[in-house]
Amino acid sequence: MPELPEVETVRRGLAARMEGRRIAQVEQRRGDLRWPLPPHFDMRVAGRVVDRIDRRAKYLLFRLDDGQTLIGHLGMSGRMYLAAPGTAPSAGAHDHLRFHTDEGWVITFHDARRFGMMDLWPTERLDEHRLLKDLGPEPLSNAFNGPALSEALAGRQTPIKAALLDQKVVAGLGNIYVSEALFHAGISPKRQAASVAGARALRLAPAIKQVLERAIAAGGSTLRDYVQASGELGYFQHQFAVYDREGQPCPDCACRRGIKRLVQSGRSTFYCPKRQT
DNA sequence: ACGAGAACCTGTTTGC
DNA sequence: TGCAAACAGGTTCTCG
């Protein structure tokens with residue numbers, strides 16, 4: 001499910017019902033996620049007020065009122081379901097955690113593949129957390145721009161597709177939005193990252209920002225299941241130019257060859273060979 | 001140090 | 001139709 005636009009959409013949905021609310025109860029049904037939950041996770045979270053929910057890259061950051069932050073990642077298949085008081089179905093398979101607010105809302109963390117994770121960490125030392133400390137700039141921040149991207153790509157001997165998936169270069173892109181951004185910037189996914197440094201990076205950085213902003217505005221992309229905490233679908237998949245569109249015509253040049261798929265570092269890439277060079 | 005591939009899991013789709 | 005292989009929105013870890 002989740003790249004940056006999906007995580008941001010989930011964050012907004014959760015914030016509406018969790019910020020300023022006390023977590024009255026935590027049901028811990030399964031603790032072996034990507035890593036084991038920290039000791040006494042449920043007891044440490046129960047009774048705390050969620051002051052604010054932030055996002056860093058694809059991580060959700062629940063700032064608790066005791067100086068700890070609950071760090072959460074949805075992995076590949078993780079979802080957060082929000083249910084109004086009295087409407088939550090009983091916990092089912094892969095519902096690993098359920099948080100009950102003092103108003104009776106139920107937030108369910110569901111993750112079939114268990115690539116997701118949760119941890120608790122002191123808020124004031126958050127940037128020292130091993131999963132957060134090496135993350136690159138937020139793509140929608142002012143710190144991320146053409147010159148900064150150019151510098152990050154300089155000298156890298158790997159295809160630009162792989163470089164953009166590296167969260168140290170820019171934090172929050174995943175397999176969908178890398179393909180989409182490269183299409184809009186007219187850059188081949190096979191091009192060496194080092195050769196994108198310079199003029200091409202000046203095109204690519206705004207393309208990344210724009211595709212992410214448009215995706216957030218559409219509530220993210222729903223490929224196989226719900227995205228938003230409310231259960232609503234995302235709609236950006238209808239605006240994909242290339243992702244999962246192998247064989248279909250390029251929306252820009254309408255060339256006969258159509259969108260091509262290739263596999264790079266084990267993952268599908270979609271692109272238009274005519275428009276992207 | 002860097003980059004490619006394996007590994008972690010389960011569910012769904014595809015192909016013979 | 002049935003079964004096995006391939007594939008899925010991520011990221012760390014290992015190895016060369």
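In what follows, every chain begins at residue 1, and chains take the letters A, B, ... in the order their sequences are listed. Here the structure is a predicted model, which is why all the values come from computation and not from measurement.
- A heavy-atom distance below 4.5 Å is not found between the side chains of A:Glu180 and A:Arg214.
- An OP1 or OP2 oxygen of C:dA8 is reached within less than 4.0 angstrom by a side-chain nitrogen or oxygen of A:Ser268.
- Nucleotide B:dA4 holds its C1' atom 13 Å from the CD atom of A:Gln192, rounded to whole Å.
- Nearest to the side chain of A:Arg130, among C:dG9, C:dC13, C:dT11, sits C:dC13.
- Distances shorter than 4.0 Å separate none of the side-chain N or O atoms of A:Ser221 from OP1 or OP2 on C:dG9.
- Between B:dC9 and C:dT14, the two P atoms lie 15 Å apart (nearest whole Å).
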One character per nucleotide, please: for nucleotides 10-16 of chain B, 5' to 3', B when the base has a protein heavy atom closer than 4.0 Å, S when only the sugar-phosphate does, - otherwise.
BS-----
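- If you check every strand for non-hydrogen atoms under 4.0 Å, A:Leu131 touches sugar and phosphate atoms only.
- Around the CD atom of A:Glu151, the shell of radius 6.0 Å holds no more than 12 heavy atoms that belong to other residues, nucleotides or ligands.
- Dashed line: the shortest gap from a side-chain N or O of A:Lys58 to OP1 or OP2 of C:dT11 is under 4.0 Å.
- The side chain of A:Gln167 places no N or O atom within less than 4.0 Å of a non-bridging phosphate oxygen (OP1 or OP2) of C:dG10.
- To the nearest 0.5 angstrom, A:Arg156 atom CZ is 10.5 Å from A:Gln192 atom CD.
- Between A:Tyr243 and A:Phe270, the ring planes are perpendicular. Angles over 60° get that label, and only those under 30° would be called parallel.
- A donor-acceptor contact under 3.5 angstrom links the side chains of A:Ser230 and A:Glu232, judged on distance only.
- Using a 4.0 Å heavy-atom criterion, one finds that A:Arg34 contacts the bases of the nucleic acid, with or without backbone contacts as well.
- Rounded to whole angstrom, the span from the OH atom of A:Tyr235 across to the C1' atom of C:dG9 amounts to 18 Å.
- Going from atom CD of A:Gln239 over to atom P of C:dG9 covers 19 Å, rounded to whole Å.
- Distance check on atom C1': B:dG3 versus C:dG9 gives 23 Å, rounded to whole Å.
- Between the side-chain ring of A:Phe115 and the base of C:dT11, no stacking contact exists by the 5.5 Å and 30° definition.
- When distances run from any side-chain atom of A:Trp35 to the nucleotides B:dG3, C:dG9, C:dT12, the shortest one goes to C:dT12.
- If you take atom P in C:dT11 and the same atom in B:dA1, they sit 23 Å apart, rounded to whole Å.
- Between the CG atom of A:Leu33 and the CE atom of A:Met117 there is a distance of 8.5 Å, given to the nearest 0.5 Å.
- Under the 4.5 Å side-chain criterion, counting only non-hydrogen atoms from C-beta, A:Ile259 is in contact with A:Cys250.
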Under the rule of Watson-Crick or G-U wobble with both distances under 3.5 Å, where | means paired to another strand and [ ] a crossing pair, DNA chain C maps to .|||||||.|||||||
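- Map A:Ala57 and A:Phe270 each onto its nearest nucleotide of DNA chain C; the residue landing nearer the 5' end is A:Phe270.
- Taking only side-chain atoms of A:Pro159, from C-beta outward, the nucleotide of C:dG9, B:dA4, C:dT11 with the closest atom is B:dA4.
- Taking side-chain N and O atoms only, A:Arg267 has no distance below 4.0 Å to OP1 or OP2 of B:dG5.
- Checking side-chain atoms of A:Glu6 against main-chain N and O of A:Glu3 turns up a donor-acceptor pair under 3.5 Å.
- Distance A:Leu33 CG to C:dT11 P: 15 Å, rounded to the nearest Å.
- Residue contacts for A:Gly266: at a heavy-atom cut-off of 4.0 Å it reaches no nucleic acid atom on any strand shown.
- Residues A:Thr123 and A:Leu61 fail the side-chain proximity criterion, which asks for heavy atoms closer than 4.5 Å.
- Side-chain contact between A:Val7 and A:Leu4: absent, with no pair of heavy atoms (C-beta onward) separated by less than 4.5 Å.
- Between A:Ile176 and A:Leu223, some side-chain heavy-atom pair lies under the 4.5 Å cut-off.
- Remark: P of B:dA4 and CG of A:Asp166 are 11 Å apart, rounded to the nearest angstrom.
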